[in-house]
Amino acid sequence: MAESKVSPTPLLKDELDIVIPTIRNLDFLEMWRPFFQPYHLIIVQDGDPSKVIKVPAGFDYELYNRNDINRILGPKASCISFKDSACRCFGYMVSKKKYVYTIDDDCFVAKDPSGKEINALEQHIKNLLSPSTPFFYNTLYDPYREGADFVRGYPFSLREGVPTAVSHGLWLNIPDYDAPTQLVKPRERNERYVDAVLTIPKGTLFPMCGMNLAFNRELIGPAMYFGLMGDGQPIGRYDDMWAGWCTKVICDHLGLGVKTGLPYIWHSKASNPFVNLKKEYKGIFWQEELIPFFQSATLPKECTTVQKCYIELSKQVKAKLGKVDDYFNKLADAMVTWIEAWDELNGGKSAELANGAKN
Ligand SMILES: O=c1ccn([C@@H]2O[C@H](COP(=O)(O)OP(=O)(O)O[C@H]3O[C@@H](CO)[C@H](O)[C@H]3O)[C@@H](O)[C@H]2O)c(=O)[nH]1
Ligand SMILES: [Mn+2]
């Protein structure tokens, strides 16, 4: 019998948006075309809105520049960073899909050890559609993966797992190092392909990188605020870190899972370590206060939605981190503005919540 020539419909074709922050033409999409073309793209153009960003033909996309962000959000646009990849979170807010994948425009298709091109999106979707195991560590890694399972001693009562909210992918070639490490090891390249997907245990934070990241927008979207970075701000390159710490505390509270590992992308270029050092400098010592804050953060049982959790977290940021630097008072207010804007665009009811937070 003749083989069917019709290729299978890509998973979640109409339920997932790909969000790309950019300051340049998106030629990199040519390499991703086989994997990305069926999906809708949301391009967040940063920097000069008068610059024309060229998108290769054949892609279905919407593009937002700073003028669009200001027009759509009005005064609430103040919570969206300018001249920093943190602007990408605007794409999460305007998306109407259940899932989001975000990727940088200097990330290309990587190859696995057999030389096969990696469909990073497909792997992220598998990660998101299978449960996580944050309450008990499975030593054979992802038990839901073909050819693996729960090992002896794993409680049967926990084998159902929990819904996965985040899939955090990694990078071959240029690793996501901070500036001091980049300066000390300028030629280091990540050549190690680790064939594993791990659930990050409950109660453990992690440094979330926004370069190759997917998440269930309905489960955790409102927590994926990438903070106040870039132009006019005292810090940069902590956008994804901030979002990751808030997200993990909220996922732990709501019983949701976060996975890291496969898929890999090929990160093609290292950003300037000296520029990065200036952006990161304050973050490098502030994070010694931020991490204990997130490690000890607890949310009351009344926080039953991501929005309620996030507003509560913003109150704690103001109360406990405002004394570290006034920046955190501004960030706490911006967290509330973000939720208000999110709910305005996505029909939520955060206004009454937010009133309490800003007083
Ligand atoms: O002002 C800007 C600069 C860049 N972009 C877009 O953002 C991504 C990342 O840019 P780039 O690859 O140059 O920077 P990296 O240092 O490799 O980024 C990683 O570090 C984190 C910094 O916050 C970030 O999470 C990672 O992405 C590209 O698509 C640029 O076009 C921008 O929008 N605005
Ligand atoms: Mn990069």
Side-chain angles (χ1 to χ4, degrees), residues 18-29 31-32 36 41-49 51-55 61 63-66 68-69 80-92 100-110 120 166 168-183 185-186 188-190 206-215 224-247 260 264-284 287:
I18 299 174
V19 175
I20 304 166
T22 194
I23 50 175
R24 54 182 66 94
N25 294 332
L26 295 178
D27 306 331
F28 90 115
L29 285 172
M31 192 175 191
W32 288 104
F36 287 6
L41 311 181
I42 295 179
I43 299 161
V44 183
Q45 176 185 342
D46 193 18
D48 176 4
K51 178 183 164 113
V52 174
I53 297 289
K54 293 195 184 86
V55 182
Y61 71 92
L63 184 144
Y64 297 94
N65 63 27
R66 193 66 205 187
D68 300 316
I69 294 172
I80 303 297
S81 299
F82 184 55
K83 293 189 180 172
D84 189 284
S85 61
C87 66
R88 74 174 84 212
C89 62
F90 179 75
Y92 311 158
V100 162
Y101 175 53
T102 188
I103 184 171
D104 289 3
D105 61 19
D106 65 342
C107 294
F108 293 85
V109 177
V166 179
H168 178 261
L170 297 173
W171 344 270
L172 292 174
N173 194 39
I174 306 292
D176 186 20
Y177 284 166
D178 50 51
T181 307
Q182 273 185 288
L183 287 165
K185 307 171 97 174
E188 184 148 295
R189 298 292 178 267
N190 182 28
F206 75 113
M208 186 174 83
C209 171
M211 226 189 289
N212 171 23
L213 178 73
F215 58 91
M224 282 286 180
Y225 175 46
F226 274 38
L228 290 173
M229 304 283 151
D231 196 38
Q233 303 300 339
I235 188 173
R237 291 171 55 83
Y238 274 84
D239 49 327
D240 39 9
M241 300 299 146
W242 182 263
W245 297 331
C246 293
T247 290
T260 187
Y264 285 89
I265 50 84
W266 179 269
H267 187 205
S268 65
K269 74 171 177 57
S271 39
N272 183 304
F274 296 101
V275 172
N276 288 346
L277 186 57
K278 273 173 72 177
K279 292 179 179 179
E280 291 172 16
Y281 164 65
K282 290 196 168 179
I284 292 175
Q287 72 181 17

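Positions are given from 1 along the sequence. When reading the values below, keep in mind they use all heavy atoms of this one structure, side chains included, and skip hydrogens, waters and symmetry mates. No experiment lies behind these values; they were computed from the predicted model shown. As the structure lists them, so they are numbered: ligands from 1, and atoms in each ligand from 1.
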Region of [X] engaging ligand 1 - heavy atom pairs below 4.0 Å:
| X | value |
| --- | --- |
| Ile23 | both |
| Asp239 | side chain |
| Arg24 | side chain |

Phe206, CZ: over 12 other non-hydrogen atoms inside 6.0 angstrom
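Yes.
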
Short side-chain to backbone donor-acceptor contact, [X] and [Y], under 3.5 Å:
| X | Y | answer |
| --- | --- | --- |
| Asn25 | Lys54 | yes |
| Asp240 | Gly210 | yes |
| His267 | Lys269 | yes |
| Thr181 | Tyr177 | no |
| Asp46 | Asp84 | yes |
| Trp32 | Cys107 | yes |
| Thr102 | Ile18 | no |

Which of the numbered atoms in ligand 1 are under 4.0 angstrom from any heavy atom belonging to [X]?
| X | answer |
| --- | --- |
| Lys269 | 11 (P), 12 (O), 13 (O) |
| Arg88 | 25 (O), 27 (O) |
| His267 | 17 (O) |
| Thr22 | 31 (O), 33 (O) |

Provide, to 0.1 Å, the distance between [atom] and the closest protein heavy atom, together with that atom's residue and name.
| atom | result |
| --- | --- |
| atom 7 (O) of ligand 1 | Ser85 CB, 3.0 Å |
| atom 31 (O) of ligand 1 | Asp105 OD2, 2.6 Å |
| atom 1 (O) of ligand 1 | Lys83 C, 3.2 Å |
| atom 12 (O) of ligand 1 | Asp106 OD2, 2.8 Å |
| atom 29 (O) of ligand 1 | Pro21 O, 2.7 Å |
| atom 21 (C) of ligand 1 | Asp240 OD2, 3.8 Å |
| atom 22 (C) of ligand 1 | Arg237 CG, 3.5 Å |

**Prompt:** Under the side chain to side chain donor-acceptor pair (under 3.5 Å) criterion, do Ser268 and Asp106 qualify, and how do the steps go?
**Reply:** CA-CA 6 Å; Ser268 65; Asp106 65 342; 4.6 Å; no

Practice task
With the side chain counted from C-beta on, respond yes when Leu29 and Leu41 share a heavy-atom pair under 4.5 Å apart, and no when they do not.
Solution key: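 SC-SC contact between Leu29 and Leu41 confirmed.
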
Which is the closest N/O/S atom of Asp106 when seen from the Mn ion (ligand 2)?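 The Mn ion (ligand 2) is closest to the Asp106 atom OD2, counting only N, O or S.
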
Return yes or no for this condition: an N or O of [X] is under 3.5 Å from an N or O of ligand 1.
| X | answer |
| --- | --- |
| Asp46 | yes |
| Ile103 | no |
| Asn276 | no |

Quiz prompt | Pair Asn212-Tyr264, side-chain donor/acceptor within less than 3.5 Å | solution =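 Distance-only check fails for Asn212 and Tyr264.
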
Exercise: do Tyr238 and Gln287 side chains pair donor with acceptor under 3.5 Å: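 Result is yes, a qualifying pair exists.
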
Query raised in the report: Looking at the Mn ion (ligand 2), is one of the N, O or S atoms of His267 less than 2.8 Å from it?
Result: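 His267 does place an N, O or S atom closer than 2.8 Å to the Mn ion (ligand 2).
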
Asp104 near the Mn ion (ligand 2) via N/O/S, less than 2.8 Å: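 False for Asp104.
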
| query | Evaluating non-hydrogen atoms only, which member of Ala270, Ser271, Ala86 is closest to atom 15 (P) of ligand 1? | reply |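 Among Ala270, Ser271, Ala86, the closest heavy atom to atom 15 (P) of ligand 1 comes from Ser271.
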
Please work out which of Asp178, Asp104, Asp176 has its closest non-hydrogen atom nearest to atom 9 (C) of ligand 1.
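Ranked by closest heavy atom to atom 9 (C) of ligand 1, first place is Asp104.
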
| said: Assess the residue pair Tyr92 and Phe215 against the criterion (ring pair (Phe, Tyr, Trp, His ring centres under 6.0 Å)); give the C-alpha distance rounded to whole Å, side-chain angles, the decisive distance to 0.1 Å, and a yes or no. | reply: CA-CA 10 Å; Tyr92 311 158; Phe215 58 91; 4.9 Å; yes

